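Step one of this worksheet: look at the structure below.
Hydrogens, waters and symmetry mates are skipped; everything else that's a heavy atom, side chains included, is used. The sequence lines fix the lettering, A, B, ..., with proteins before strands; numbering per chain opens at 1. Quick caveat, the model's predicted, so the values are computed rather than measured.
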Amino acid sequence: MEERTLQRLYYDRQLRVPGWGPHGQEILAHSTVLVVGVGGLGCPVLAALVRSGVGRLIFCDPDTVEASNLPRQSLFSVADVGLSKVQAAALVLAGSNPWIDLEPVAERVTAANVRALVEQADLVVDGSDNFSTKFLLHDACRSAGKPFVMASLYQWEAQVNSFDFRRSEPGCWRCLYQVAPEDGCVGVCAQVGVVGALAGLAGNFQALTALRLLLGLETATGCSTWVVNALDPSPRRLKWKPDPACACARGKGDWRWLEALTATSLREQAPWNLVAPVDRQVVIDLREPQEILPHEWAWFEAIGSRVIHARWSQWHASQPNWDPSTTYLLVCAHGLRSLAAVRTLPPSIRGLSLTGGIAELKDMIEGRT
Amino acid sequence: MGGLLVTLKVRYFGQLQNEAGCSGETLETQATNVAELWRELAARHGFTLEAKLIKAAQDDEFCDWEAPLASAEVVFMPPVAGG
Ligand SMILES: [Zn+2]
């Protein structure tokens, strides 16, 4: 079949939908969407936006596919375990729609690159798994005046928020949470668990919201959170009013917060090569027992570090006996729990969080990055 | 405390649901505002999350902790971050 005919037939059913049509298809073809996190949320979001015909998709994730991702991360197969998530996703997505541009970015979104990424996009979708990234993206979208669709998962529960920062009226997530909750404060998926089918529901909810915003069909106004608990599945929409004291009331376009953030986040997070090897260094592994593989501790022992196990789920109840003459390197799977734990250390104790966690260290040791 | 005894519904989300062992309950309370109600429930269920993390809503709108109890249902929702 001729390529042009094939392409017209591909989009046929959605071209018939009121509110979409050839005009909507044209808008989508000229849109760029940034998707941050190719996990439980990012997979269904990408699958839906790619097949909808969004012209350009930039998607970021520094991680590799793990077996425990597969029940909810529908773009990956068992054979992808160990491969780069964005590369594996790009292969599948290219097969599902060859007429769009895919830009995989195998990087974590940080204060250093967030502005450049967000400014390229017409809309940003958050599929990250931690508060720091979510707030960073939210604040960047607010400064850049870009619509932002956010979601988070917890066991059977999903929360979805969207903000159309193209509009001039005030109202944002900071009106509700002036200060971002600390990472790890309400558990991470590796610890509390998550239901795969729920990720599909929330991710598709995000994709639909993104399409409404791009096509100019959004009718919801004001700030609200959708909360769905699959054990009791009547969704709730909880609203809030703009806070006149919030930065959003003073207009957009201000990026000074980002410069301040770059300065502080660099101090708190230790790249592995700045910390090891260090004499008298003690490594604290915060992971749950089932996450730990025996050979991982040998990496630290090989450079003369002692490893102790203090699981994050019991961190507030029992901590190690601190020694002020020791440097502590806190580690977990991806560096979220360790960053949260570093912030709870007594002031006299020198502790650092291993950025990227065991996952990134493993990639370095095995020569993948 | 010390207000009149009122009957209302409480709805829990996230970790609160695990700790309370239910998604919601109907109860009688003498609490007059959201903060008093929270303290009463936290003591009963042994909630471990700090109050400053939790958002409370009445009539599907988030409200201050000092807001008087004015609706038939109060929602308590912690933030979640999984992805
Ligand atoms: Zn605001």
Side-chain angles (χ1 to χ4, degrees), chain A residues 36-42 61 72 126-134 150-159 173 175-177 179-194 198-199 202-203 222-225 227-229 231-232 236-241 316-317 336, chain B residues 8-27 31 33-35 37-39 41-83:
Chain A
V36 178
V38 183
L41 296 165
D61 199 310
R72 66 188 181 286
D126 157 62
S128 73
D129 64 354
N130 62 88
F131 290 118
S132 357
T133 306
K134 287 173 192 293
M150 212 174 87
S152 299
L153 308 171
Y154 182 93
Q155 298 176 346
W156 294 90
E157 183 178 309
Q159 296 180 8
W173 208 29
C175 294
L176 190 61
Y177 292 97
V179 179
E182 282 180 20
D183 280 319
C185 68
V186 287
V188 294
C189 285
Q191 209 176 299
V192 299
V194 61
L198 175 77
C223 296
S224 64
T225 287
V227 196
V228 183
N229 188 297
L231 293 174
D232 181 2
R236 302 289 291 262
R237 182 175 171 226
L238 302 171
K239 290 169 282 187
W240 69 93
K241 292 202 173 71
H316 292 284
L336 299 180
Chain B
L8 50 79
K9 275 190 194 158
V10 177
R11 177 76 200 261
Y12 304 114
F13 284 105
Q15 189 173 325
L16 299 176
Q17 204 169 101
N18 298 347
E19 292 179 346
C22 59
S23 64
E25 57 189 323
T26 301
L27 48 84
N33 65 21
V34 175
L37 176 65
W38 169 258
R39 281 195 290 273
L41 297 169
R44 167 136 46 99
H45 295 300
F47 290 145
T48 57
L49 292 175
E50 287 177 81
K52 66 173 185 188
L53 276 176
I54 313 290
K55 297 296 169 197
Q58 297 193 79
D59 289 327
D60 287 338
E61 182 156 340
F62 291 109
C63 60
D64 287 343
W65 285 89
E66 301 314 316
L69 290 177
S71 72
E73 187 209 47
V74 181
V75 173
F76 290 105
M77 188 189 84
V80 298

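Using a 4.5 Å cut-off between heavy atoms, D59(B) does not touch chain A at all. Using a 4.5 Å cut-off between heavy atoms, A151(A) touches chain B through its backbone atoms (N, CA, C, O) alone. Interface residue D232(A): backbone and side-chain heavy atoms are both found under 4.5 Å from chain B. Within the 4.5 angstrom heavy-atom criterion, only side-chain atoms of L231(A), from C-beta onward, approach chain B. Neither the backbone nor the side chain of E50(B) comes within contact range of chain A; no heavy atom of the residue lies under 4.5 Å from a heavy atom of that chain. Using a 4.5 Å cut-off between heavy atoms, R236(A) contacts chain B through its side chain alone, with no backbone atom that close. In this structure, chain A has heavy atoms under 4.5 Å from both the backbone and the side chain of L53(B).
With respect to K241(A) and E61(B), a salt bridge is recorded, a charged nitrogen being found less than 4.0 Å from a carboxylate O. Look at E19(B) and R44(B) and you find no salt bridge, because none of the NZ, NE, NH1 or NH2 atoms lies under 4.0 Å from a carboxylate O.
Ring orientation note: the planes of F76(B) and Y12(B) are close to parallel, at an angle under 30° on the 30°/60° scale. Using a 30° and 60° split on the angle between ring planes, H45(B) and F47(B) fall in the tilted class, from 30° to 60°.
Looking only at atom types and distance, the side chain of D126(A) has a donor-acceptor partner in the side chain of S128(A) under 3.5 Å away. In this model, a donor atom of one side chain and an acceptor atom of the other lie less than 3.5 Å apart for N18(B) and Q155(A).
Listed options G42(A), G39(A), P181(A) were ranked by heavy-atom pairs under 4.5 angstrom with chain B; first place goes to P181(A).
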